[in-house]
Amino acid sequence: MIKIEDLNVTKGGNAILTDVSLKFGQGGITALIGPNGAGKSTLLSAIAGLTTPTRGTVDVEGLDMTRARPPERARRVAMLAQNENVTARLTVRDLVSFGRWTHHQGRPREEDNAKITEAIAAFDLEGLADRRLDALSGGQRQRAFVAMAWAQETPWLLLDEPLSALDPRHVRDIMDRLHALTRPGTGQRNVIIVLHDLGVAARYADRIVALKDGQLVTSGPRVLTMTGRMLSELFGTNLAIERVAGRDVVVPF
């Protein structure tokens, strides 16, 4: 479980997050939504222990992330930030292997190699494992980055806008895989993902956390919290949720 209490983050004299208190239960996909500047990325960074709060606490599986050392944090959460920068000369397997660093510290064992292979397979990258990153399409490259975070084998996977600039086919491919891997069963993980595409949130999220102006607007199961009225107030424009082919979609009106 993740428990956030009275979280405040101030940068340069500006309040980025104000009095945010939340609980994330085990299992499934939690979508962080809200307009630009709402504080979504800052909240994700605070959960990862990468942003020091001005006030408040962040507890992940019993660990105070505001006080924990990096190796301890790395066993609780794996975070994929926006615009990850790595050399294009790396192969997919090289990249995914970085996810195991906290486990092997540069001396990979048989177990680490097995987990790397498992992550590559989970995101359908076997045929690309020895290909350099600069030879991949945008969708393939992003799958490799998500596989790297997955290989870290943490209970929680934090993804900051991993779908940016991807075409619909690659968006669906990544989200289908994440959805399957967060279902109950052996090796189930928990995903918290920052999303701007409300259609993706409506289709895949189990829980919604909505932020605006650094404050929590609502949180809870998607079927209860993600309503047309809530979205319209959150984004300041008329939005509705309709059923199309048995699925919820968000439409402006």
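The two residues Ala74 and Thr102 make their nearest non-hydrogen contact at CB-OG1, 3.6 Å. Of all heavy-atom pairs spanning Leu43 and Ile4, the tightest one is CD1-CD1, 3.9 Å. Nearest heavy-atom pair across Met230 and Thr218 is CG-CG2, 3.9 Å. Contact detail for Gly39 and Leu17: the closest heavy-atom pair is O-CD2, 3.6 Å. The shortest heavy-atom contact between Pro53 and Val9 is CA-CG2, 4.0 Å. Residues Met226 and Ala201 approach most closely at CE-CB, 4.0 Å, considering heavy atoms.
The backbone N or O of Trp150 lies less than 3.5 Å from a partner atom in the side chain of Arg189, making a donor-acceptor pair. A donor-acceptor contact shorter than 3.5 Å links the side chain of Asn190 to the backbone of Pro155. A distance-only check finds no donor-acceptor pair linking the side chain of Asp160 to the backbone of Leu158 [under 3.5 Å]. Side chain of Arg207 to main chain of Gly25: a donor-acceptor pair is present (N/O by atom type, distance under 3.5 Å, no hydrogens or angles). Under a 3.5 Å cut-off, the side chain of Asn238 and the backbone N or O of Pro252 do not form any donor-acceptor pair. A distance-only check finds a donor-acceptor pair linking the side chain of Thr154 to the backbone of Ala78 [under 3.5 Å]. A side-chain donor-acceptor contact under 3.5 Å links Arg183 to the backbone of His179. In this structure a side-chain-to-backbone donor-acceptor pair under 3.5 Å is present from Ser137 to Gln140. Using a distance-only test at 3.5 Å, with no hydrogens or angles considered, a donor-acceptor pair links the side chain of Lys40 to the main chain of Pro35. Judged purely by atom type and a 3.5 angstrom limit, Glu72 uses its side chain to pair as donor or acceptor with the backbone of Arg69.
Residues Arg55 and Asp19 are paired through a salt bridge, judged by an N-O separation under 4.0 Å between the basic side chain and the carboxylate. Salt bridge annotation for Lys115-Glu111: absent, with no cationic side-chain nitrogen under 4.0 angstrom from a carboxylate oxygen. Using a 4.0 Å cut-off between charged side-chain N and carboxylate O, Asp206 and Arg222 make no salt bridge. Between Arg177 and Asp124 there is a salt bridge, with a side-chain nitrogen of the basic residue lying less than 4.0 Å from a carboxylate oxygen of the acidic one.
Trp156 and Glu61 are linked by a side-chain donor-acceptor pair at a separation below 3.5 angstrom, with hydrogens and angles left out of the test. Side-chain contact check for Gln82 and Ser41: at least one donor-acceptor pair (N or O, by modelled atom type) lies under 3.5 Å.
Annotation: Asp213, atom CG; neighbour count of heavy atoms from other residues, nucleotides and ligands within 6.0 Å does not exceed 12. By the 6.0 Å contact criterion, CZ on Arg229 is open, its count of non-hydrogen atoms from other residues, nucleotides or ligands being 12 or less.
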Step by step, work out the salt bridge (charged side-chain N to carboxylate O under 4.0 Å, His left out) result for Arg169 and Asp173. CA-CA 6 Å; Arg169 179 172 68 89; Asp173 179 68; over 6 Å; no
Give the intermediate values and the outcome of side-chain contact (heavy atoms from CB on, under 4.5 Å) for residues Leu32 and Leu211. CA-CA 7 Å; Leu32 302 186; Leu211 297 170; 5.5 Å; no
Given side-chain contact (heavy atoms from CB on, under 4.5 Å), test Ile120 with Arg93 step by step and report yes or no. CA-CA 8 Å; Ile120 287 171; Arg93 186 176 297 278; 3.9 Å; yes
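Between Leu7 atom CG and Ile16 atom CD1 the span is 11.5 Å, to the nearest 0.5 Å. Put simply, CD on Glu153 and CZ on Arg75 are 9.5 Å apart, with the number rounded to the nearest 0.5 Å. The OG1 atom of Thr225 lies 5.5 Å from the CD1 atom of Ile208; values are rounded to the nearest 0.5 Å. Separation of atoms OG1 (Thr51) and CG (Leu44) is listed at 9.5 Å; rounding is to 0.5 Å. Here the straight-line distance linking atom CG of Leu198 with atom NE2 of His196 works out to 9.5 Å at 0.5 Å rounding. In this structure, OG1 in Thr30 is found 10.5 Å from CD1 in Ile193, a value given to the nearest 0.5 Å.
Residues Val92 and Leu80 are members of one and the same hydrophobic cluster, defined by side-chain heavy-atom contacts under 4.5 angstrom among Ile, Leu, Val, Met, Phe, Trp and Tyr. Val200 and Leu231 fall into different hydrophobic clusters, where Ile, Leu, Val, Met, Phe, Trp and Tyr side chains are chained together by heavy-atom contacts under 4.5 Å. Under the 4.5 Å side-chain heavy-atom criterion for grouping Ile, Leu, Val, Met, Phe, Trp and Tyr, Ile2 is connected to Val194 within one hydrophobic cluster. Cluster membership for Leu163 and Phe235, using ILVMFWY side-chain heavy atoms within less than 4.5 angstrom, is not shared. Under the 4.5 Å side-chain heavy-atom criterion for grouping Ile, Leu, Val, Met, Phe, Trp and Tyr, Val244 is connected to Val251 within one hydrophobic cluster.
Applying the side chain to side chain contact (heavy atoms under 4.5 Å, CB included) test between Arg132 and each of Asp134, Asp130, Leu128 identifies Asp134 as the sole match.
With sequence neighbours excluded, the residues forming a salt bridge (charged side-chain N to carboxylate O under 4.0 Å, His left out) with Lys3 are Glu5, listed by chain and number. The salt bridge (charged side-chain N to carboxylate O under 4.0 Å, His left out) check on Asp94 picks up nothing, with sequence neighbours excluded.
Here the side chains of Tyr204 and Leu195 are not in contact, with every heavy-atom distance at 4.5 Å or above.
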